[in-house]
Amino acid sequence: RCWQNRRARLLCMLALTFLFFVVEVAVSRVTSSLAMLSDSFHMLSDVMALVVALVAVRFAQRTRATKKNTFGWVRAEVMGALVNAVFLTALCFTILLEAIERFTEPHEIQQPLVVIAVGVAGLIINLLGLCLFNHHGVGGHGHAHGHGHSHGGRQQHPRGGPKPEQPPGDGEAALNRDETSTLVENSSSSNGVSQEKLGDMKDDLSDVQVNGNAGHYPLDEEEVEEDSSAQLNMRGVFLHVFGDALGSVIVVVNALLFYGLWNPCPEDGPCYNPCVNDHCMENVTLFRALGSSNKSEQDGITVAGPCWLLYLDPVLCLIMVCILLYTTYPLLRESALILLQTVPKQIDVHSLNSKLRTLEGVEAIHELHIWQLAGSRIIGTAHIKCPDPSTYMMVAKRIKEIFHDEGIHATTIQPEFASVGSESGRGKCEFPCRTQCALKQCCGAGEASTAKKTEKSSSLSISCSEVVIEFPKTRRTKSESIPSVKLEANTDQNEQFESSL
Amino acid sequence: MGRYSGKTCRLIFMLVLTVGFFVAELVSGYLGNSIALVSDSFNMLSDLISLCVGLSTGRIARRSRRGPRATYGYSRAEAVGALSNAVFLTALCFTILVDSVLRLARPEPIDDAQLVLIVGTLGLAVNVVGLLVFQDWGTCCRARRPVSSLNAGDSPIDQKSPEEGFEKKKEKKSEALNIRGVLLHVMGDALGSVVVVVTATIFYVRPLGDAPCNWQCYIDPSLTIVMVLIILSSAFPLIKETSTILLQMVPKGVDMQLLTDRLACVPGVSSLHEVHVWELASGRNIATLHVKCQTPSDYQGAAYQIRKVFHEAGVHSVTIQPEYADHKTSHLLCSSPCISKACDSHLCCSQREPLRAETNGYVEKSESSLSAQHKDNGSRKSDIEIPMEDPVAEENMKNCDGSGDKSQSGSTRF
């Protein structure tokens with residue numbers, strides 16, 4: 001059961017890697033091999049990636065809203081994935097630079113046997129890591145989307161029975177409980193409860209918190225809940241370990257070939273190394289060549305082994321960099337798209353919009369925003385224009401159903417009611433802020449041109465920016481508008497709104 | 001607009017300059033066997049990459065058209081770009097640190113101190129130029145608006161309207177994030193050049209010749225380590241700031257406690273939940289909330305007031321979902337979450353523990369009796385224990401101005 005938990009896996013790998021790093025440093029001191037020392041630092045970068053992933057996992061388990069973050073910290077894993085991906089790219093960049101450096105100044109491998117031994121050990125550890133994270137690694141590609149409905153079925157069974165403080169995965173949840181209780185205590189209180197009430201209830205609340213978290217994470221639920229954000233995070237780690245494994249492979253292959261094929265310069269006797277650009281040796285060679293050309297081979301000048309071996313290392317490094325970049329790019333892209341608040345891949349805003357518009361009672365939709373918080377939590381907001389409140393009550397449930405079908409479960413729908421006698425439909429938005437705030441709104445920024453819109457409305461109000469799919473000509477609209485909620489019943493309130501401008 | 005030419009122009013100028021100098025520095029670094037120079041030249045290359053990232057994300061963010069793929073546009077690209085630059089820089093610092101430690105283990109002298117000194121000084125000049133270029137607005141290509149420094153909060157006096165002032169401030173702030181990422185790299189570069197110059201000067205003035213390495217050989221790596229620490233200490237604030245945006249945290253100027261208190265005081269509002277405030281990009285805050293009211297007219301009255309409260313808090317895009325309290329569902333729960341309880345894990349914030357203090361802006365204003373809990377089986381007995389009907393709740397009304405009697409009427413529920 002230990003292996004199921006993300007955190008446990010990360011910790012195991014972290015311990016292993018760090019241990020190996022220490023071993024490698026020690027061995028390099030003993031054999032005074034600089035190459036091995038520098039190689040060991042790749043392990044250290046692995047450690048750093050694991051630390052980042054661990055921190056992200058820890059953060060992401062605090063799904064409660066806090067004073068600092070009203071959504072909880074679930075997004076931490078996506079950010080961890082991005083950080084790891086960028087980190088990996090940077091490392092590829094430095095490896096690239098090292099490889100170029102090796103091209104200009106090729107090194108021989110000293111003591112290939114030791115290098116082989118340590119390389120194999122590193123490879124084994126990396127393969128172990130790959131197995132640990134493989135569940136999330138390559139398969140992660142296809143799992144990022146399509147969670148909307150598949151989870152529905154899977155979710156049923158954990159929620160079936162009562163789930164008080166005793167989740168089935170006792171040991172696991174206990175770990176969670178201890179950990180998260182400390183975490184939760186740290187998180188500041190109340191997103192909204194008044195302070196006085198909270199004060200006397202602190203003790204009960206902390207119990208509730210602890211229980212809440214334990215109840216929230218029974219073991220099978222945690223497995224099921226390991227949705228795409230966690231997968232992203234694990235993929236980042238997987239790619240790091242993969243890169244390390246490739247590096248170890250290259251080291252081993254290189255050392256093996258070197259050991260087998262390289263004709264080293266012996267300690268004693270003259271030796272000519274044609275691969276190294278050494279002015280001194282060039283003169284010697286020339287001299288000898290001028291001297292007794294027939295006897296040069298019998299003179300015992302050893303010529304150091306095939307030169308292409310020295311270039312094998314950088315070439316393999318280049319190939320490895322290409323492979324790594326190729327596999328890192330999808331992760332980078334995916335996590336960046338989530339962080340950019342884009343619409344998740346599986347949702348088609350066009351069709352959603354048209355479905356909503358075809359509902360009876362819905363006159364217009366605007367400010368439709370869909371974005372992915374993390375994993376399967378997709379959030380939507382929309383302003384729905386209806387003729388009157390009772391119509392809205394009728395369609396409200398239907399609207400939520402439509403969103404639900406798309407996989408968007410957290411929605412905030414703002415109904416707006418068209419006024420009597422004004423022009424129908426799409427014109428007005430119950431616009432939140434005064435004119436000068438237009439540029440500070442989510443979608444009221446940029447050019448302050450409002451000229452396009454003024455002719456549409458009768459009153460001061462100007463229609464607010466609308467989703468481009470509805471009104472193609474307003475693609476660049478950044479218009480402003482003035483609060484102008486008009487109701488049938490409350491005309492005096494109507495004036496109140498407008499006059500307050 | 002003018003800002004296109006201003007910022008992009010600067011970036012392109014730096015790009016060209018950096019490419020040229022990178023090549024020069026690389027060659028001389030190898031010739032002179034100075035690791036500081038070599039790493040400095042690679043810093044130039046990384047500088048190039050960060051400039052490209054800065055340029056491209058700036059371009060992307062500017063074309064913040066909303067479309068079916070991104071309903072908010074791409075204005076967040078700058079934050080992502082800044083984060084990438086900062087992480088990239090951290091990774092590079094890590095490798096430089098490793099190299100320095102290795103150098104400490106096996107010190108080598110600089111061979112051609114004079115060459116290194118010359119190139120190092122040139123590099124320093126280039127970096128200083130870069131720093132200046134990014135500090136001053138509009139020195140390059142004469143931006144349309146008058147010059148004001150990057151960090152100034154004051155808008156120039158000849159603004160046509162407050163809107164323009166706000167726009168400029170906003171664009172300065174969001175651009176600042178993007179440019180800051182690039183600036184960080186340039187600053188790291190400059191420090192690297194300083195280290196190179198210092199080391200080369202020492203070796204020039206006191207050449208080592210054939211003598212074994214003395215203390216002079218240790219200057220290079222130790223100064224490099226100091227430089228790395230300096231760079232890291234300036235990269236982390238940038239990372240923190242971009243995290244605030246990217247993790248959907250509450251923006252800096254907004255105090256959630258105060259905000260929810262004020263919102264609770266709005267007449268007509270019985271309770272609030274699912275209050276979310278976040279920052280799309282620098283300066284643009286967005287909020288959503290669910291409001292429980294008794295009647296639709298309550299809601300209409302409250303809606304404007306709610307928006308006003310948000311406006312004063314600096315949040316200008318608000319989406320309010322009204323819910324009408326009925327005796328069936330608990331006063332604390334969202335009346336219209338998704339259509340079934342099975343979706344709970346997909347909600348941004350779980351509905352299963354609404355009574356806990358941390359639950360997304362839950363504010364209960366009126367005293368209420370224990371309403372029937374229509375929760376799923378995941379509820380715990382502690383649900384009932386938390387007393388919303390605490391008489392203390394009544395006292396909280398005192399905080400609100402003039403809402404005393406309103407709260408009384410609000411507390412009588414049907």
Side-chain angles (χ1 to χ4, degrees), chain A residues 41 64-65 67-71 75 79 83 86-87 90 94 97 152 155 162-164 189-194 196-198 205 208 212 336 339-343 349-350 369-370 373 376-377 379 381 389 400-401 404 409-410 412-414 432-433 436-437 439-442 448 468-469 487 497, chain B residues 42 66-72 76 80 84 87-88 91-92 95 98 162-163 166-167 246-250 256 260 272 276-277 280 283-284 286 288 296 300 304 307 311 316-321 338-339 342-343 346-349 353 356-358 360-363 377-378 380 382 390 392 396:
Chain A
F41 283 110
R64 301 285 140 251
K67 200 152 80 166
K68 283 206 185 132
N69 194 334
T70 53
F71 287 103
R75 236 192 198 188
M79 208 165 120
V83 167
V86 174
F87 191 56
T94 52
L97 294 180
Q155 294 288 9
K163 285 274 192 290
S189 74
S190 91
N191 219 354
V193 175
S194 316
E196 290 90 1
K197 250 193 320 189
L198 187 52
L205 280 177
V208 172
L339 292 178
L340 282 173
Q341 310 284 90
T342 54
V343 176
V349 170
H350 280 284
H369 293 294
I370 316 275
L373 176 64
S376 56
R377 299 180 205 231
I379 302 192
T381 62
K400 293 262 179 183
E401 272 174 21
H404 168 87
H409 304 283
T412 304
I413 311 284
Q414 174 171 292
C433 229
Q436 65 261 33
C437 310
L439 306 160
K440 289 196 178 185
Q441 276 139 12
C442 72
V468 65
I469 44 185
L487 300 175
F497 290 156
Chain B
F42 288 148
R66 302 154 63 193
R69 283 267 55 94
T71 52
Y72 285 109
R76 250 197 193 182
V80 175
S84 305
V87 173
F88 194 67
L92 287 181
T95 48
V98 164
E163 295 161 30
F166 283 129
E167 174 190 346
L246 294 178
L247 284 176
Q248 311 288 95
M249 285 170 70
V250 172
M256 278 310 288
T260 44
L272 308 169
H276 294 293
V277 181
L280 175 66
R284 293 194 230 171
I286 300 180
T288 63
Q300 293 305 333
Y304 181 69
R307 291 211 157 87
H311 168 83
H316 304 281
S317 301
V318 182
T319 304
I320 306 178
Q321 175 172 292
C338 200
I339 60 175
C343 313
H346 300 287
L347 296 178
C348 72
C349 319
E353 297 95 9
R356 300 185 39 231
E358 282 81 333
N360 2 78
Y362 167 69
V363 179
N377 298 330
R380 295 163 312 284
S382 47
D390 197 349
V392 168
N396 296 334

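Reminder, nothing fancy here: chain letters follow the sequence lines and each chain counts from 1. No experiment lies behind these values; they were computed from the predicted model shown.
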- Item | B:Met249 vs A:Asn69, side-chain contact (heavy atoms from CB on, under 4.5 Å): CA-CA, chis, key distance, verdict | CA-CA 4 Å; B:Met249 285 170 70; A:Asn69 194 334; 3.5 Å; yes
- Query: Counting distance only, does the side-chain N/O of A:Thr342 pair as donor-acceptor with the main-chain N or O of B:Arg69 below 3.5 Å?
  - Reply: no
- How many angstroms lie between atom NE2 of A:His369 and atom CG of B:Leu280, to the nearest 0.5 angstrom? 8.5 Å
- Closest heavy-atom pair, A:Met79 versus B:Leu246, reported as atoms and distance to 0.1 Å, is SD-CB, 4.1 Å
- Message: Working to the nearest 0.5 angstrom, can you tell me the gap between A:Ile413 CD1 and B:Thr319 OG1?
- Response: 9.5 Å
- Query: Tell me, do A:Lys68 and B:Val250 make a side-chain contact under 4.5 Å, heavy atoms counted?
  - Reply: no
- Heaviest contributor of heavy-atom pairs below 4.5 Å to chain B, chosen from A:Thr94, A:Val83, A:Leu97, is A:Leu97
- Task: Please identify each residue that fulfils side chain to side chain donor-acceptor pair (under 3.5 Å) with A:Thr412, with sequence neighbours left out.
- Result: B:His290
- Message: Testing the basics here: between A:Ala336 and B:Val80, what is the closest heavy-atom pair and its distance to 0.1 Å?
- Response: CB-CG1, 4.4 Å
- Task: Heavy-atom distances under 4.5 Å only: say whether B:Ser84 touches chain A with side chain, backbone, both or neither.
- Result: both
- Between B:His276 and the options A:Thr381, A:Leu373, A:Thr70, A:Ile379, the side-chain contact (heavy atoms from CB on, under 4.5 Å) test singles out A:Thr70
